[in-house]
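Right, one structure below, let's go through it.
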Number of protein chains: 2
Amino acid sequence: MTDSGLRRELQDLPRTDPAVDQLVEEIIGRVADKWTMLLIEILTERECCRFGELAKACTGISQKMLTQTLRAMERDGLVTRTVYPVVPPKVEYRLTELGLGLSKAFCGVWLWAEANFETIDRARQDYTARQEAGQV
Amino acid sequence: MTDSGLRRELQDLPRTDPAVDQLVEEIIGRVADKWTMLLIEILTERECCRFGELAKACTGISQKMLTQTLRAMERDGLVTRTVYPVVPPKVEYRLTELGLGLSKAFCGVWLWAEANFETIDRARQDYTARQEAGQV
DNA sequence: CTGGATCCATAATGATACTG
DNA sequence: CAGTATCATTATGGATCCAG
């Protein structure tokens with residue numbers, strides 16, 4: 001059995017318009033991003049987060065990329081940004097319905113990663129070993 | 001009803017080891033990438049592809065990133081790379097079982113993007129409109 | 001004191017030319 | 001055809017500065 005056309009099978013839709021394909025690919029390009037996905041995950045677990053919390057929870061991200069990614073997510077309607085006019089400043093981020101939908105969709109990838117991280121680790125070791133063996 | 005802990009619920013596993021979490025996040029970081037996901041999709045639809053075919057099918061990618069991404073995918077065990085010692089050279093790429101698993105996992109995100117691209121487009125317009133209204 | 005903007009150094013990516 | 005090498009461009013990180 002072949003897995004060709006897997007996506008088409010699953011969605012059971014009439015052939016997609018090429019122009020739509022382009023839009024969809026653009027969205028995948030924006031959304032298939034390390035920080036976006038990590039932030040979505042964090043915002044799914046703790047549904048409401050301040051900027052500083054996100055900075056701590058999202059290991060390795062710089063303030064700049066955090067701001068930048070959150071802005072892009074807000075622009076795409078994935079999160080809402082609520083500014084409380086208090087001092088010190090307080091800004092809360094929360095997933096929208098749309099963002100939650102993406103979270104659920106991406107959930108499968110987290111499960112895949114958790115189920116297969118050992119396999120991947122082994123693959124990397126094998127690859128490195130083959131590399132070293134090859135260049136002798 | 002809250003969606004907090006969505007991932008944990010769905011996987012129904014004992015609490016994950018922090019060290020494992022780090023590995024998993026590293027894998028998500030590697031795999032949640034525009035070109036990787038586009039290539040996975042292409043290799044799912046046409047299960048066996050030559051370098052040139054991938055270059056044409058993967059709109060906007062540079063040769064450099066194509067090579068680089070394919071190498072990383074090979075290293076992680078997502079694709080196999082078969083070199084035929086003929087002239088002109090012929091190299092075929094094909095998803096492994098692991099890569100196919102990722103493809104299936106990511107399928108949900110494609111469906112989400114196809115179902116919601118209009119919503120996202122509207123969100124972007126609204127955002128831009130609000131921006132312009134705000135800075136008057 | 002938090003959220004975030006700005007500036008500079010560095011790393012990643014793109015474009016093009018070239019090679020086995 | 002399937003890359004590699006080189007250089008221009010862009011994205012990101014890190015530190016600092018600023019407004020509320």
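Basis for what follows: all heavy atoms, side chains included, without hydrogens, waters or symmetry-related copies. Labels below follow one simple rule: chain letters A, B, ... track the order of the sequence lines, proteins then strands, and each chain is numbered from 1.
- Taking atom CG on Leu70(A) and atom C1' on dG3(C), their separation rounds to 11 Å, with Å as the unit.
- Rounding to whole angstrom units, CD1 of residue Ile61(B) and C1' of dA12(C) are separated by 14 Å.
- You'll find that the side chain of Lys64(A) is closest to dG14(D), out of dG3(D), dG14(D), dG20(D).
- Projected onto DNA chain C by closest heavy-atom contact, Gln63(B) and Gly60(B) fall at different nucleotides, the more 5' of which corresponds to Gly60(B).
- Here Lys56(A) pairs with nothing under the side-chain contact (heavy atoms from CB on, under 4.5 Å) rule; sequence neighbours left out.
- Note: CE (Met65(A)) to P (dA11(D)) measures 10 Å, nearest angstrom.
- For the pair Phe106(B)/Val109(B), a side-chain contact is recorded, criterion being any heavy-atom separation below 4.5 Å from C-beta on.
- Under 4.0 angstrom from either OP1 or OP2 of dC1(D) there lies no side-chain N or O belonging to Arg50(B).
- Counting to the nearest Å, the P atom of dG4(C) and the CG atom of Leu66(A) are 8 Å from each other.
- Atom CZ in Arg81(A) sits roughly 4 Å away from atom P in dG4(C) (whole-Å rounding).
- Each of dA5(C), dG14(C), dG20(D) was ranked by its minimum atom distance to the side chain of Pro89(A); first place goes to dG20(D).
- In the hydrophobic clustering of this structure, Tyr127(B) does not group with Phe117(B); members are Ile, Leu, Val, Met, Phe, Trp, Tyr whose side-chain heavy atoms approach within less than 4.5 Å, directly or through other members.
- Minimum atom distance to the side chain of Arg71(B) is reached by dT4(D), of the listed dT4(D), dG14(D), dG4(C).
- OP1 or OP2 of dT12(D) has at least one side-chain nitrogen or oxygen of Gln68(A) nearer than 4.0 Å.
- One can place CG of Asp33(B) at 15 Å from P of dA11(D), the figure rounded to the nearest angstrom.
- Hydrophobic clustering, with ILVMFWY side chains joined whenever heavy atoms are under 4.5 angstrom apart, groups Tyr93(A) together with Val83(A).
- Nucleotides of DNA chain C nearest to Lys34(B) and Phe51(A) differ in position, and the one nearer the 5' end is that of Phe51(A).
- If you take CZ of Arg30(A) and P of dA11(D), they are 13 Å apart, rounded to a whole angstrom.
- Heavy atoms of Pro88(A) sit under 4.0 angstrom from at least one base atom.
- Across all strands shown, Tyr93(A) has heavy atoms under 4.0 Å from sugar-phosphate atoms exclusively, and none from any base.
- Within the 4.5 Å cutoff, no side-chain heavy atoms of Ile61(B) are placed close to those of Leu38(B).
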